[in-house]
Amino acid sequence: MKLVNKLFSLENRTVVVGGGAGQIGFSLCKILVDAGAHVLIADIDGEMAAQKVAALEDEASRERIHVYPIDVSNKSEVHRFFQQASASHGLLYGLINCFHFKGNTRKLDTASNFFAPFEDYPEEAWDMVHEVNLKGSFLMSQAAIPYFQDNGCGVIVNISSTYGNVSANKHIYGDSGINSPVAYGTSKAALINFTRYLATHLADQNIRANCLSPGGVFNNQSEEFITNYSKLTPLGRMAKADDYQGAILFLMSDASTYMTGANLVVDGGWTAW
Ligand SMILES: NC(=O)c1ccc[n+]([C@@H]2O[C@H](COP(=O)([O-])OP(=O)(O)OC[C@H]3O[C@@H](n4cnc5c(N)ncnc54)[C@H](O)[C@@H]3O)[C@@H](O)[C@H]2O)c1
């Protein structure tokens, strides 16, 4: 096998993708399977995950993705999931925490109190966002550790955001009703340091942990928003979900064996100026 193929291969490795039914999450699932992995989607919207898997043209890919409907913020559901996953699929190699609470799993819903302005941001929305984004990542990572220990190794990737690194720019949203809420930014920033904690505490168990900070993905936002976002992005456009496939393959594979505790920013240059 050519060195380059060996370096990026995930042949026979089983990777859990929390939030794998989502726009970015499912795109990551597709490249992981393409690299040879078995993928276990752990997502509260099991129906959306199952529909996306069923729509894949390649039968071999369909057979290598398995869907587990769970709420990542519920400790007993998380533990039950890992027990079932290991009983059905054997040794576990990787975990990607790629979920977030946005009020509605399928669309940007401006009626959701998730999008409330800072001055009126409801306590319940603050709690819910941290419950899923931060506590969910904590519970999933903690529960995965005994299974990684059984395997003698493990790789964790937490998905943060541009807005975990810098503040949201409130001027780009116009009157779309969509903004980037305070709780989103605080939970995403916390994930970057949570990753460092995992990396330093688990390195001696041969478990690596890194963060990926994506920029905004095109998702039928208003023309005004897309134009404003693109102007502030050196590469001049919003991302496609598939723009993160290369980065995740690097972080999950042996191509990054000497990397832990890092935050890989893939944002079209948004944070560079
Ligand atoms: N899309 C973007 O523009 C963008 C930009 C930067 C960072 N991100 C980050 O990338 C990740 C994926 O984003 P996306 O755009 O694919 O989002 P998405 O909304 O399309 O997908 C999120 C997924 O998380 C799942 N989920 C929500 N709550 C859950 C829970 N309690 N338990 C289990 N699953 C739950 C949803 O069902 C959904 O499938 C998120 O962490 C997000 O913060 C996204």
Side-chain angles (χ1 to χ4, degrees), residues 16-30 40-53 67-78 81 95-109 112 114-115 125 127-140 143 157-166 168 172-173 178-181 183-192 194-195 211-221 225-226 229-230 233 237-245 247-248 263-268 270-271:
V16 173
V17 184
Q23 198 188 14
I24 294 180
F26 196 69
S27 173
L28 304 185
C29 293
K30 287 193 283 187
L40 313 182
I41 293 180
D43 197 293
I44 201 164
D45 196 337
E47 198 183 303
M48 176 163 66
Q51 283 168 2
K52 289 188 179 180
V53 176
V67 176
Y68 292 81
I70 70 157
D71 177 353
V72 295
S73 67
N74 181 311
K75 186 173 178 174
S76 54
E77 284 188 32
V78 166
F81 158 70
L95 167 67
I96 304 173
N97 291 314
C98 188
F99 37 80
H100 68 145
F101 176 82
K102 63 175 198 269
N104 182 318
T105 56
R106 302 201 179 182
K107 59 175 182 157
L108 296 171
D109 180 1
S112 166
F114 168 76
F115 286 114
D127 287 345
M128 198 61 196
V129 170
H130 289 90
E131 188 84 357
V132 174
N133 300 9
L134 190 53
K135 194 179 91 175
S137 301
F138 158 66
L139 290 176
M140 291 288 282
V157 175
N158 293 314
I159 308 296
S160 179
S161 167
T162 313
Y163 291 164
N165 292 270
V166 295
I172 64 176
Y173 295 95
I178 290 171
N179 58 15
S180 185
Y184 183 78
T186 51
S187 66
K188 290 285 155 184
L191 276 179
I192 297 173
F194 173 59
T195 305
C211 201
L212 172 62
S213 287
V217 178
F218 171 76
N219 188 14
N220 296 312
Q221 294 94 339
F225 173 79
I226 295 167
Y229 192 98
S230 302
T233 308
R237 65 169 175 87
M238 296 196 73
K240 302 180 289 270
D242 291 354
D243 281 325
Y244 305 111
Q245 290 180 326
I248 203 69
N263 175 29
L264 182 57
V265 178
V266 182
D267 64 356
W270 175 276
T271 51

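Along the sequence shown, the residues carry numbers beginning at 1. One-based numbering, in listed order, for ligands and for the atoms of each.
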Would you mind listing which atoms of ligand 1 come within a distance below 4.0 Å of any non-hydrogen atom of [X]?
X: D45; result: 37 (O)
X: K102; result: 18 (P), 19 (O), 20 (O)
X: M48; result: 39 (O)
X: T105; result: 36 (C), 37 (O)

With backbone taken as N, CA, C and O and side chain as the heavy atoms from C-beta onward, which portion of [X] lies under 4.0 Å from ligand 1: side chain, backbone, both, or neither?
X: V132; value: side chain
X: Y184; value: side chain
X: N219; value: neither
X: S160; value: backbone

| said: Heavy atoms only: which of G19, S137, P214 lies closest to atom 6 (C) of ligand 1? | reply: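 Of the listed residues, P214 has the closest heavy atom.
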
| request: Closest by any non-hydrogen atom to atom 33 (C) of ligand 1: pick that one out of I44, I41, L28. | output: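 Shortest heavy-atom distance from atom 33 (C) of ligand 1: I44.
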
[atom] [closest protein heavy-atom partner, distance rounded to 0.1 Å]:
atom: atom 21 (O) of ligand 1; result: G22 CA, 3.2 Å
atom: atom 31 (N) of ligand 1; result: D71 OD1, 2.9 Å
atom: atom 17 (O) of ligand 1; result: H100 NE2, 3.1 Å
atom: atom 5 (C) of ligand 1; result: G215 O, 3.3 Å
atom: atom 10 (O) of ligand 1; result: I159 CG2, 3.3 Å
atom: atom 4 (C) of ligand 1; result: I24 CD1, 3.9 Å
atom: atom 38 (C) of ligand 1; result: D43 OD2, 3.5 Å
atom: atom 41 (O) of ligand 1; result: K188 NZ, 2.6 Å

| request: Locate the shortest heavy-atom distance separating A21 from D43; write the atom from each residue and the value. | output: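 Looking at all heavy atoms of both residues, the closest pair is N-OD2, 3.1 Å.
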
| said: For a quick test of reading the model, state the closest non-hydrogen atom pair linking G18 to M140 and the distance between them. | reply: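 Here G18 and M140 meet closest at CA-CE, 4.4 Å.
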
| message | Can a donor-acceptor pair be found, under 3.5 Å and without considering hydrogens, that links the side chain of S213 to the backbone of V266? | response |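 Absent.
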
| message | Main chain of I24, side chain of Y244: is a donor-acceptor contact present, judged purely on distance under 3.5 Å? | response |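 It does not hold such a pair.
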
Please determine whether any non-hydrogen atom of [X] lies less than 4.0 Å from an atom of ligand 1.
X: R106; value: no
X: I70; value: yes
X: G216; value: yes

| Are any of the N/O atoms in V217 less than 3.5 Å from those in ligand 1? |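 Looking only at distances, the answer is yes, because the N/O contact criterion of under 3.5 Å is met.
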
| field | Salt-bridge present (D243, R237; N to O < 4.0 Å) | value |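 Counted as a salt bridge, because a side-chain N and a carboxylate O are separated by less than 4.0 Å.
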
